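The structure appears below as structure tokens.
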Amino acid sequence: MPMGAGSIFGGAGNLFGDFMSHNPYNASKGYLDQYEHQLPGYYNDYIHRGGRAGSDLEGRYGSLLNDPGGLQNKIGQGYHQSPGFKFALQQALGAGNNAAAAGGMSGTPQHQQRNMKTATGLADQDYNHWLSNSLGLYNQGLTGEQGMYGTGFNASNALAQGMGSAFGAQAQNAAQQAQWGNRNRQRTIGDSLGFLGF
């Protein structure tokens, strides 16, 4: 190989080496690859939890819309009389019995009817209080699950934006790489032709 040709190819090799080492695409590719692979790790747990919450919410809201009475009955099956109800009932019946005895009405149908009305009223009050508390807790659970679903959506959105930024940066760097390569090839060809006297 003539000395001039070796110098040309050696120079071209040096230029190609400079191109590879100073190329913006290669310089940033490692960072972008790390970003692209590490980014999902920060969001995946929230995304998965949000997805599960969304599926659960869909079923619960479906039950509320399609059969609210059935849901209330299902919740109501867990009702147990409170200790406060038993105490209030004993006090009310004791006072009613004393009043009936003092008025000579003890044991009469009217006395029994009054006791039944008292017991029924207190039982309704106790049940409605328990149901109101249970529905409040149910609503609190739904609100918490909605928050988890929203967090999952926000994480999905943030991940999509982050990945979009990474892919956009990679596309921009790839375009710069092509421009960089074209300029270096043109310079190499121009330098080689100039060296050969063209």
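These values consider heavy atoms only, across backbone and side chains, with no hydrogens, waters or symmetry-generated copies. Predicted, not measured: the structure shown is a model, and the values here were computed from it.
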Legend entry - Evaluation steps, side chain to side chain contact (heavy atoms under 4.5 Å, CB included), between Phe85 and Leu122: CA-CA 7 Å; Phe85 164 76; Leu122 288 172; 3.7 Å; yes
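By the salt bridge (charged side-chain N to carboxylate O under 4.0 Å, His left out) test, Asp45 is found to be paired with no residue, residues two or more places apart in sequence or in another chain being considered.
Here Asp56 pairs with Arg60 in a salt bridge; the nearest charged N to carboxylate O distance falls below 4.0 Å.
In this structure, Leu142 is not a member of the same hydrophobic cluster as Leu137, with clusters built from ILVMFWY side-chain heavy atoms closer than 4.5 Å. Both Tyr42 and Leu159 are part of a single hydrophobic cluster, where members link through side-chain heavy atoms under 4.5 Å apart. In terms of hydrophobic clustering, with Ile, Leu, Val, Met, Phe, Trp and Tyr side chains grouped at heavy-atom distances under 4.5 Å, Tyr127 and Ile75 are assigned to a common cluster. When the side chains of ILVMFWY residues are joined at heavy-atom separations under 4.5 Å, either directly or via intervening members, Met148 and Phe153 end up in two distinct hydrophobic clusters.
For the pair Leu135/Leu131, a side-chain contact is recorded, criterion being any heavy-atom separation below 4.5 Å from C-beta on.
The line from CG of Leu89 to CG of Asp126 is 10.0 Å long, rounded to the nearest 0.5 Å. Atom CG of Leu93 is separated from atom CE of Met116 by 10.5 Å, given to the nearest 0.5 angstrom. Between the OG1 atom in Thr120 and the CD atom in Gln113 there is a gap of 10.5 Å [rounded to 0.5 Å]. Within the model, atoms OG of Ser134 and CD of Gln72 stand 10.5 Å from one another, a figure rounded to the nearest 0.5 Å.
Listed for the Asn44 side chain is a donor-acceptor partner under 3.5 Å among the backbone atoms of Pro40.
Annotation for Thr118 and Ala92: closest pair CG2-CB, 3.5 Å, computed over non-hydrogen atoms. Residues Gly76 and Trp130 share a closest heavy-atom pair of CA-CZ3, 3.7 Å.
Residue pairs satisfying the side chain to side chain donor-acceptor pair (under 3.5 Å) criterion with at least one member in residues 135-157, sequence neighbours excluded, are listed as follows: Tyr61-Gln146.
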Table please: side-chain donor-acceptor pairs of residues 100-109 below 3.5 Å, with sequence neighbours left out.
residue : atom : partner : partner atom : Å
Thr108  : OG1  : Met105  : O            : 2.7
Thr108  : OG1  : Gln110  : OE1          : 3.4
Thr108  : OG1  : His111  : N            : 3.2

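For CD of Gln125, the number of neighbouring non-hydrogen atoms (other residues, nucleotides, ligands) closer than 6.0 Å is 12 at most.
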